[in-house]
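Since the structure comes first, as structure tokens, the remarks are kept for the end.
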Amino acid sequence: MVMKKGAMQLVEEAEAEISTLSPAEAHAMMDDPDVQLVDIRDVRELDRKGMIPGALHAPRGMLEFWVDPESPYHKPAFATGQTFVLYCAGGLRSALAAKTLQDMGLAPVAHIGGGFAAWQEAQLPTAPRPSSSPSSHPSSKKTG
Ligand SMILES: O=S(=O)([O-])[S-]
């Protein structure tokens, strides 16, 4: 099967339009109250590898719905006007997600090039996933 666009082409196109930070640049920003790091990996990846301390976990599958104020799954954490810096394991999913959020009008938004792997490689601080991280699946949302 010949794809109209391959995954790496999508990533390259996204990266041409979004801001990419090095792990060191993101680290320098992480204590700024106007900046929120966002971990878009699957919860199992966080459990296995840990995460960046203070990052908000927003799985990629729910991201657009958590960001959109019109969505029933909207999370006020995305309505703060902060700069959102996304990361994933290797910087591919976060490039696509940052492009999508930028297209939605969330600004400013950036991602960490090389993702959590590059962060660990740079020996920057990590922490276990807090056990209180909210469940993200729509079916877990209480109704009524
Ligand atoms: O999307 S990824 O870079 O984490 S494999």
Side-chain angles (χ1 to χ4, degrees), residues 1-69 71-141:
M1 178 176 65
V2 178
M3 304 297 298
K4 218 165 117 187
K5 281 189 189 187
M8 288 313 296
Q9 185 179 347
L10 290 176
V11 169
E12 281 165 24
E13 288 176 3
E15 283 187 326
E17 291 189 40
I18 60 173
S19 168
T20 300
L21 302 174
S22 69
E25 287 170 326
H27 181 248
M29 296 165 72
M30 69 184 269
D31 292 329
D32 183 335
D34 293 332
V35 174
Q36 177 63 61
L37 267 59
V38 181
D39 190 322
I40 66 159
R41 295 174 298 161
D42 183 271
V43 69
R44 284 164 296 201
E45 297 176 85
L46 275 68
D47 284 341
R48 271 200 307 269
K49 304 235 169 162
M51 61 190 296
I52 299 177
L56 171 70
H57 180 222
R60 185 185 173 206
M62 288 306 294
L63 203 53
E64 294 87 341
F65 303 95
W66 284 19
V67 167
D68 182 353
S71 159
Y73 305 111
H74 174 66
K75 299 276 186 198
F78 284 101
T80 58
Q82 291 166 297
T83 296
F84 293 96
V85 178
L86 311 186
Y87 70 92
C88 61
L92 303 179
R93 286 171 289 176
S94 60
L96 298 177
K99 167 75 165 67
T100 300
L101 297 193
Q102 190 167 282
D103 287 349
M104 289 175 75
L106 191 75
V109 58
H111 86 127
I112 301 178
F116 192 67
W119 182 274
Q120 285 182 300
E121 180 72 29
Q123 302 191 331
L124 294 168
T126 65
R129 177 176 76 95
S131 51
S132 59
S133 276
S135 176
S136 60
H137 195 274
S139 65
S140 69
K141 188 176 169 70

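Because the structure is a prediction, the values reported are computed rather than measured. The first residue of the sequence shown is numbered 1, and numbering continues consecutively from there. Indexing begins at 1, ligand by ligand and atom by atom, following the structure's order.
The shortest distance between side-chain heavy atoms of L63 and F78 falls below 4.5 Å. When side chains are defined from C-beta on, R93 counts as touching R41, because their heavy atoms get closer than 4.5 Å. Considering only heavy atoms from C-beta on, E64 comes within 4.5 Å of T100 through its side chain.
Evaluation of the salt bridge (charged side-chain N to carboxylate O under 4.0 Å, His left out) rule for E17 yields K99 as partners, not counting sequence neighbours.
Listed by chain and number, residues touching ligand 1 at under 4.0 Å (heavy atoms only) are C88, A89, G90, G91, L92, R93.
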Under the salt bridge (Lys or Arg N to Asp or Glu O under 4.0 Å) rule, what do K5 and E12 come out as? Steps first, then yes or no, please. CA-CA 11 Å; K5 281 189 189 187; E12 281 165 24; over 6 Å; no

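Aromatic ring pairs are classed by plane angle as parallel below 30°, tilted from 30° to 60° and perpendicular above 60°; the pair H27 and W119 is perpendicular.
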